[in-house]
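What follows is a short report on a single structure.
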Amino acid sequence: MIYFVIIVFLFCLAYIYDYKRTRKDKRMWYNITMLTFILMAGLRYRIGSDTQSYEEIFNNIPTLFNLSIKYITEVSKVEGGYTIFMSIIKTFFGPYWFFLLIQSLFINTIVFRFLSKYTNFPFVCIILYFFVLYYPINCEAARQGCAIATFLLAWEQFVTKHYRKYIFLILIAST
């Protein structure tokens with residue numbers, strides 16, 4: 001039911017702000033939509049086939065101060081960058097649900113920022129994102145979602161010809 005409400009809400013926003021070109025309160029509704037997406041993915045409970053295995057990995061991962069190169073390269077079941085990301089969140093914030101919330105914040109904030117910056121019809125793009133990518137990169141393939149978000153950050157560096165930052169972010173997205 002909530003997904004139906006969100007879909008109707010998104011189509012209304014696309015009509016008002018993308019089709020009719022209304023400017024009043026556009027940024028506010030854009031941010032409310034982004035917050036909704038962040039909370040929906042960040043506060044989910046065992047939605048997505050990989051979520052339970054990520055939870056097990058998160059619970060077994062050492063804190064940042066106990067993390068070793070050997071663990072990252074040999075023991076961890078996920079890529080090194082994602083292992084370090086999980087360990088940082090576990091060290092400073094603790095529970096797995098908080099990790100999901102921060103991961104959702106990271107992915108969705110960057111996707112929404114990218115759509116706002118590089119399209120004339122952001123709400124139409126959000127509808128497409130919701131139907132095509134939202135569930136997979138937030139619930140099913142969250143590691144890849146973090147890589148995609150990092151690539152979107154890198155894209156901005158590429159466009160502005162900051163090639164060193166671009167290469168650095170691409171390397172991070174690849175780990």
For this session: Assert yes or no for the condition that the ring centre distance of Tyr54 to Tyr96 is strictly below 6.0 Å.
Result: no
For this session: Examine distances only and state if a side-chain atom of Tyr17 and a backbone atom of Lys24 form a donor-acceptor pair shorter than 3.5 Å.
Result: yes
Problem set entry | Side chains of Glu140 and Tyr135, donor plus acceptor under 3.5 Å | yes
Exercise. In the single-linkage hydrophobic clustering (I, L, V, M, F, W, Y; side-chain heavy atoms under 4.5 Å), do Tyr3 and Val124 co-cluster?
Worked result: no
Exercise. Is the side chain of Ser87 donor-acceptor paired with the backbone N or O of Thr83 at a distance under 3.5 Å, no angle test?
Worked result: no
For this session: Would you kindly say whether Gln103 and Tyr82 are connected by a side-chain donor-acceptor distance under 3.5 Å?
Result: yes
For this session: Assess whether atom OH of Tyr163 is packed by more than 12 heavy atoms of other residues, nucleotides or ligands within 6.0 Å.
Result: yes
Exercise. Do other residues, nucleotides or ligands put more than 12 heavy atoms under 6.0 Å from the OH atom of Tyr15?
Worked result: no
Exercise. Would you say the side-chain atoms of Thr119 pair up with the backbone N or O of Leu115, donor to acceptor, closer than 3.5 Å?
Worked result: no
For this session: Salt-bridge test for Lys165 and Glu156: reply yes if a basic N is under 4.0 Å from a carboxylate O, no otherwise.
Result: no
Exercise. Linking I/L/V/M/F/W/Y whenever any side-chain heavy atoms sit under 4.5 Å apart, do Val159 and Ile170 land together?
Worked result: yes
For this session: Decide if the gap between the ring center of Phe9 and the ring center of Trp29 is smaller than 6.0 angstrom.
Result: yes
